[in-house]
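Following: one structure in structure tokens, then a few remarks.
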Amino acid sequence: MGEVSIPSGYSADSELDHEGPDPVWLQLAAILLSRIERGDYPENRPIPSIAGLVQEFGIARGTVQKTTAFLEDRGHVRIVPGKGVFVLPRD
């Protein structure tokens with residue numbers, strides 16, 4: 001499996017395209033990153049909870065967890081057990 005990259009073409013206001021070519025969890029990653037870059041989720045503040053994202057996007061908890069783990073691996077967020085997923089400062 002090659003390097004997974006965040007697909008382009010998604011904005012902070014995009015909706016998930018379940019019929020599209022990109023996996024839903026990667027679409028969500030692109031949307032969340034757009035929101036971080038736009039300032040919707042400020043540095044050192046949490047993004048919406050897993051439950052909140054499940055409700056907003058109508059997807060499974062596991063899908064949201066896969067997305068947040070991916071964003072953590074990429075250095076965009078930090079998962080703090082019991083507290084949430086926090087936006088890391090950009091370099």
Side-chain angles (χ1 to χ4, degrees):
M1 184 168 151
E3 177 69 18
V4 177
S5 61
I6 294 173
S8 60
Y10 297 93
S11 74
D13 300 314
S14 291
E15 294 186 8
L16 298 178
D17 179 2
H18 293 273
E19 308 302 317
D22 299 312
V24 170
W25 70 273
L26 272 179
Q27 293 179 46
L28 179 60
I31 292 167
L32 292 177
L33 274 180
S34 292
R35 290 178 178 182
I36 289 169
E37 289 165 4
R38 188 169 76 178
D40 294 4
Y41 310 141
E43 294 178 357
N44 298 312
R45 293 289 169 256
I47 66 171
S49 67
I50 288 176
L53 292 170
V54 164
Q55 186 170 21
E56 177 180 355
F57 291 99
I59 53 178
R61 287 181 65 85
T63 303
V64 175
Q65 289 168 325
K66 182 173 185 173
T67 301
T68 55
F70 174 77
L71 292 175
E72 183 177 50
D73 287 344
R74 291 291 176 92
H76 298 291
V77 300
R78 180 166 66 110
I79 298 171
V80 181
K83 287 201 79 172
V85 179
F86 289 80
V87 178
L88 290 173
R90 286 188 290 268
D91 296 334

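All values reported here derive from a predicted model rather than from experimental measurement.
- Under the side chain to side chain donor-acceptor pair (under 3.5 Å) criterion, no residue pair touches residues 58-67, with sequence neighbours excluded.
- Follow the hydrophobic side-chain contacts under 4.5 Å out from L33 and you reach V87 in the same cluster.
- Shortest non-hydrogen contact noted between G9 and S14 is O-OG, 4.4 Å.
- By the rule that hydrophobic residues join a cluster once side-chain heavy atoms approach within less than 4.5 Å of another member, F86 and V64 end up as members of separate clusters.
- When side chains are defined from C-beta on, L32 does not count as touching V77, because their heavy atoms never get closer than 4.5 Å.
- Considering every non-hydrogen atom in both A30 and P7, the closest pair reads CB-O, 3.7 Å.
- Taking the side chain as every heavy atom from C-beta outward, T68 and I47 approach each other to under 4.5 Å.
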Does the side chain to side chain contact (heavy atoms under 4.5 Å, CB included) test come out yes or no for E72 and V85, once each step is laid out? CA-CA 9 Å; E72 183 177 50; V85 179; over 6 Å; no
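- I31 and A12 get closest at one heavy-atom pair: CG2-O, 3.9 Å.
- Rounding to the nearest 0.5 angstrom, the gap separating the CG atom in L28 from the CG atom in L53 is 6.0 Å.
- Rounded to the nearest 0.5 Å, atoms CG (D17) and OH (Y10) are 6.0 Å apart.
- Once rounded to the nearest 0.5 Å, the distance linking CZ of R74 with CD1 of I6 reads 5.5 Å.
- Side chain of Q27 to backbone of D22: a donor-acceptor contact under 3.5 angstrom is found.
- In this structure, CD1 on I79 lies 7.0 Å from CD1 on I50, to the nearest 0.5 angstrom.
- Identified under the ring-ring contact (aromatic ring centres under 6.0 Å, His included) test for residues 59-83, with sequence neighbours left out: W25-F70.
- Nearest heavy-atom pair, G75 versus L88, reported as atom, atom and distance to 0.1 Å: O-CD1, 3.5 Å.
- Residue pairs satisfying the side chain to side chain donor-acceptor pair (under 3.5 Å) criterion with at least one member in residues 37-59, sequence neighbours excluded, are listed as follows: D13-R38, R35-Y41, R35-E56, R38-D40.
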